[in-house]
Protein chains: 2
Amino acid sequence: MVNFCAGLLYVWSSEIEILEVELMEDKTTDQSSTELKIFEAAREVFQAKGLEGARMQEIADKAEINKSMLHYYYRSKAKLFEKVYQLSIIKVIPKIAELLNENLPLEQKLRSFVDKYLEIVKANPDIPLFVLHEMNKDPNRLRNFMIDQIGKKVQPFLQQIREEREKGNTVDLPAEQIMVNIMSLMIFPFIARPVFKTILDKDDEGYEAFIEERHRILPDYVVSIVMKKSS
Amino acid sequence: MVNFCAGLLYVWSSEIEILEVELMEDKTTDQSSTELKIFEAAREVFQAKGLEGARMQEIADKAEINKSMLHYYYRSKAKLFEKVYQLSIIKVIPKIAELLNENLPLEQKLRSFVDKYLEIVKANPDIPLFVLHEMNKDPNRLRNFMIDQIGKKVQPFLQQIREEREKGNTVDLPAEQIMVNIMSLMIFPFIARPVFKTILDKDDEGYEAFIEERHRILPDYVVSIVMKKSS
DNA sequence: ACAAAAATTAACCAAATGGTTGAATTATTT
DNA sequence: AAATAATTCAACCATTTGGTTAATTTTTGT
């Protein structure tokens, strides 16, 4: 019987939703689970081609099951997409606020944030472009969910920057600009991968190495361009 | 008679293509031109929703013409899309190499590049996400065209950075990382607009102001994080 | 071992969507 | 002004595509 879809009704209730997501993660070990094979295939196809670019048949083929199973487990393309979209957001958005609200002095926090968040994006390199494309098409879809996940949770971090700026410990930029700088430096290379591969004349392996180098460099570099050198 | 589509056959020949594009720009003044009204509508819809997300009917409605006219002037959705995609690339990619190859000392060049390129992106804020999404879906489509437009044209600039780095005038990072840093800081805020609007709790007007502030700040800031302070 | 439930499939269906056609209208040419 | 060419449109068409159904196989519970 198909009954686990009921959870979709509670999209706006973070707690229930996150529980469900973790349940799903657990199932990942069970490779034979048709439901998971479908979800995994859907994730790949949706993230690569977007909602409208994805074909149900392609998802079925990738999952090696009959197309009817998609509807048996997920009812409709819209429902399946919503789950993929939701999980994608959960994987990359809440961690931002979480990492930024650790109780650390600014410099340490920056270094740790950049290092750990790059780890997350490296593990989910297709999510940023996917989420931003879908969010751009329809800014209202899951907007409340987004707000739940991050909303005003970064305000304490911005406040921390402002305080350090007052003390003259940071570069003389508004906290919001600094925040956007940091996110840009981390995420954009994953979004613009095909362009940079062309511009920098790299193959997959070469770009992989480029990203690794970046991961090594960026934590210190971000600190250096945010914190004011004591001179 | 429909004859101007012939140019599409020469996609790989930059010169002919650019000529055609400029011809098109000229027509922009002729507001009554159905062909242009269609193209303008197609540009908006494709850039907002992507190839598969766009509906021919929606383009026709936005252009205030009968759907048949789309095919009369552009033959097919694929052909119309290709033109929009191509022009989008032309508007944001070649300028990079062009601005970076002006004969200027590095510091001046950086300041000028960031200022002028931000102007371009501000005038075409939807293009980066659109192009990157389409390029991600199908990295081979117009790949040769891309290579023509920028290809190895940024190598001289990378070389310039390397030379200045040797002389100890820049921060101690590989030239490629510096280049990616600069592009990230400029472009990402346009791509991630819906997320940043949520995170920073801004409305359209507020985000516009944020971008303006950024435009004012960034040229100097980029210089400051690339060039080594003489201390 | 049997019955009930769950999972799976092939064949089909209906709506959406890109595309075509032929007639009607407007503009151009001579 | 007549004839020719270009433009526009309403009605249609064909394919793609998301979705359904009914029958079959597999699993589970007793």
Side-chain angles (χ1 to χ4, degrees), chain A residues 1-8 23-24 27 30-46 48-85 134 137-138 141, chain B residues 1-8 23-24 27 30-46 48-85 134 137-138 141:
Chain A
M1 186 60 132
V2 186
N3 56 2
F4 38 78
C5 275
L8 270 178
L23 197 79
M24 186 167 283
K27 283 190 200 159
D30 182 1
Q31 290 295 351
S32 69
S33 158
T34 303
E35 188 185 349
L36 252 290
K37 265 169 57 184
I38 291 175
F39 189 84
E40 202 42 38
R43 199 182 55 74
E44 281 181 42
V45 176
F46 279 131
K49 314 209 170 167
L51 168 55
E52 285 93 348
R55 291 293 101 95
M56 293 297 266
Q57 189 58 57
E58 188 183 351
I59 294 173
D61 290 346
K62 185 156 282 185
E64 294 176 299
I65 42 90
N66 188 288
K67 186 163 67 86
S68 302
M69 300 307 290
L70 300 183
H71 297 94
Y72 181 72
Y73 282 106
Y74 294 94
R75 292 270 305 280
S76 70
K77 185 185 187 183
K79 293 248 173 45
L80 177 53
F81 171 81
E82 213 74 1
K83 285 222 157 191
V84 169
Y85 187 38
E134 297 299 335
K137 270 192 331 195
D138 182 356
R141 152 177 288 150
Chain B
M1 186 62 130
V2 186
N3 57 1
F4 38 77
C5 275
L8 270 179
L23 196 77
M24 186 166 283
K27 282 190 199 158
D30 182 0
Q31 290 295 351
S32 68
S33 158
T34 303
E35 187 186 349
L36 252 291
K37 264 169 56 184
I38 291 175
F39 189 84
E40 202 42 37
R43 197 181 56 73
E44 282 179 42
V45 176
F46 278 132
K49 312 211 172 167
L51 168 55
E52 286 93 349
R55 291 293 102 96
M56 294 296 268
Q57 189 58 57
E58 188 182 351
I59 295 173
D61 290 347
K62 184 157 284 187
E64 295 175 297
I65 43 89
N66 188 287
K67 187 162 68 89
S68 303
M69 300 306 290
L70 300 182
H71 298 94
Y72 179 72
Y73 282 106
Y74 294 94
R75 292 268 307 280
S76 70
K77 185 185 188 185
K79 294 248 173 44
L80 177 53
F81 170 80
E82 212 75 359
K83 287 223 157 191
V84 169
Y85 187 38
E134 296 300 334
K137 270 192 330 195
D138 183 355
R141 152 178 287 150

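Just so we're on the same page: letters track the sequence lines, and every chain starts at 1.
Contact annotation: A:Tyr73 side-chain N/O to C:dT8 OP1/OP2 distance is under 4.0 Å.
To the nearest angstrom, C1' of D:dC9 lies 14 Å from NZ of B:Lys37. Protein atom NZ of A:Lys79 is 16 Å distant from nucleotide atom P of D:dG18, rounded to whole Å. Summarising the geometry, the separation between CE on A:Met69 and P on D:dT21 is reported as 17 Å, rounded to the nearest angstrom. When rounded to the nearest whole Å, the span between OH of B:Tyr72 and P of D:dA10 equals 17 Å. Following rounding to the nearest Å, B:Leu70 (CG) and D:dT7 (C1') show an atom-to-atom distance of 14 Å. Taking atom CD1 of residue A:Ile65 and atom P of nucleotide C:dA7, one finds them 14 Å apart after rounding to whole Å.
Between A:Glu40 and A:Lys37 there is no salt bridge, since none of the side-chain N atoms of the basic residue sits less than 4.0 Å from a carboxylate O of the acidic one. Salt bridge A:Glu82/A:Arg141: present, at least one basic N to carboxylate O contact under 4.0 Å.
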Base, backbone or nothing for each nucleotide of nucleotides 18-24 of chain C, written B, S, -, heavy atoms under 4.0 angstrom, 5' to 3'?
BBBB---
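By the neighbour-count criterion of 12 heavy atoms within 6.0 Å, atom NZ of A:Lys77 is densely surrounded, having more than that number from other residues, nucleotides or ligands.
Here the side chains of A:Phe46 and A:Leu80 are in contact, with some heavy-atom distance below 4.5 Å. With a 4.5 Å cut-off on side-chain heavy atoms, B:Met56 and B:His71 count as touching.
Evaluation of the side chain to side chain donor-acceptor pair (under 3.5 Å) rule for B:Lys137 yields B:Glu52, B:Glu134 as partners, not counting sequence neighbours.
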